[in-house]
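Report on one structure; see the data block that follows.
This is a predicted model, so every value here is computed, not measured. Counting starts at 1 for both ligands and their atoms, following the listed order.
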Amino acid sequence: MRVLLVGGGGREHALALGLAGDPSVERLIAAPGNPGIAGVAELRQVVTTDPAAVAALAVEVGADLVVIGPEAPLVAGVADAVRAKGIAAFGPSAEAARLEGSKTFAKEVMTAAGVPTARSYTCTDPVGTAAALDEFGPPYVVKNDGLAAGKGVVVTDDRQAALAHAADCGRVVVEEYLAGPEVSLFVVTDGEAALPLLPAQDFKRIGDGDTGPNTGGMGAYAPLPWASVDLVDQVMADTVHPTLAEMRRRGNPFVGLLYVGLAITAQGPRVIEFNARFGDPETQVVLALLESPLGGLLHAAATGSLADHPPLRWRDGSAVTVVVAAEGYPGTPRTGDAITGADAPGIIHSGTARRDPDGPLLSTGGRVLCATATGTDLAAAREAAYALVDGVGLAGSQHRTDIALAAAQGRITLPG
Ligand code: AMP
């Protein structure tokens, strides 16, 4: 089959590697892709948030399947436009992508579906925000209601900072703080049937020991040695299937990747957020362990035949990815620096470009590369991932040194 992959970050590089490794994928085109993806796919230019342009490209290249990586094209209606051309799309409709695009909508669906989540209020003015903050008490959680590329959430003990973030955003969701280790569970679904991938954990804060501001994610690992054996079954039963049923009931079935962000609290798993696409950088570790062909899996979801898909097969061992970020990230990252050592297998490109085909590889964003490795256990995978980081040259770059460390050392404990 011919596959068009939309996007050009680390998640899409990981998806491209998975798709290119599937023998049923005879041609892979990525738009716009990036220099890492160029190693396994043909690159085309497109404005990824322009539904008509993406659909036209899908027709032009004769795509049998379009895989939409980032959230912005989904919210813009790219999957709808591709389906309108009679081409299978992996990714939800614009209506269904509101599970990510609007925190208020996601809370409405969760409430209607009886999904366990944090209590919350949607607030639009300082008085309402202050009342909500005071009801829940610190730590305060304030979320931008719209898409914010994973950076719209402030968790703080500082009431003034919480109020200031709310004022910056306009419309926010204020919610109770959920205490407990976090889990990212990716679920591939055709709207009705659903297959969970391995649970993973990512690291949101910029600094070691979970200090400093939130980022898009500084690293990840899978699977989770500390999670209970029935965690995934429980989340599928209490959260995923009720949510999918509620979306069908509303006439907007969710097709694609439902990302369930959870906190494992003393009262059990609670949803922190839904996303409508693969998470970055958890995708890098989850797909590194997936043995089943990725193209066949995503095609089955996109064509409503997931119920007939064989059970997923996984490689033994663990995977770890460590993000190499530019100086200044997550504030204003320094860009345009030359990068060396990015050709090693396992280096995933997130924010890289070349000005001309033979020119040097340059940094273009906050998260530049993800050093991704597998190993017999987390300790071995960590060692291999950090060896990859050591081989990368990028002036002023930063990375966390403690990705997967607590889990590898058996130091993650569940509350309660
Ligand atoms: P989100 O963009 O919703 O994933 O939030 C980013 C990060 O903020 C999450 O990964 C959590 O670490 C944190 N967070 C969000 N909501 C809550 C909450 N209700 N309780 C505790 N932490 C939260």
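- Close approach of ligand 1 to K103 (heavy-atom distance below 4.0 Å) involves ligand atoms 2 (O), 3 (O).
- Ligand-side atoms of ligand 1 in range of V155: 8 (O), 13 (C), 14 (N), range being under 4.0 angstrom from any heavy atom.
- Ion pairing between D280 and R11 fails under the 4.0 Å rule for side-chain N and carboxylate O.
- The shortest heavy-atom distance from E176 to ligand 1 is under 4.0 Å.
- Taking distance alone, with nitrogen or oxygen atoms compared against 3.5 Å, K143 approaches ligand 1 more closely than that limit.
- Judged by distance alone, with hydrogens and angles left aside, the side-chain atoms of Q398 form a donor-acceptor pair with the main-chain N or O of A326 at under 3.5 Å.
- Under a 4.0 Å criterion applied to the non-hydrogen atoms of N214, ligand 1 contributes the atoms 7 (C), 8 (O).
- Residue K204 places no N or O, backbone or side chain, under 3.5 Å from any N or O of ligand 1.
- The aromatic rings of Y386 and H399 sit tilted relative to each other, their planes meeting at an angle between 30° and 60°.
- The ligand atoms of ligand 1 that sit less than 4.0 angstrom from a heavy atom of E175 are 16 (N), 17 (C), 18 (C), 19 (N).
- The aromatic rings of H349 and H13 stand perpendicular to each other, their planes meeting at an angle above 60°, with 30° marking the opposite boundary.
- Using modelled atom types, no side-chain atom of D402 and backbone atom of L405 make a donor-acceptor pair closer than 3.5 Å.
- At a threshold of 4.5 Å between non-hydrogen side-chain atoms, the residues D343 and I347 do not count as touching.
- Residue contacts with ligand 1: L178 is placed with a nitrogen or oxygen under 3.5 Å of a nitrogen or oxygen of the ligand (distance criterion only).
- Annotation for D316: atom CG does not count as buried by contact number, only 12 or fewer foreign heavy atoms lying within 6.0 Å.
- Relative to atom 22 (N) of ligand 1, the option among F203, Y177, Y259, Y140 with the closest non-hydrogen atom is Y177.
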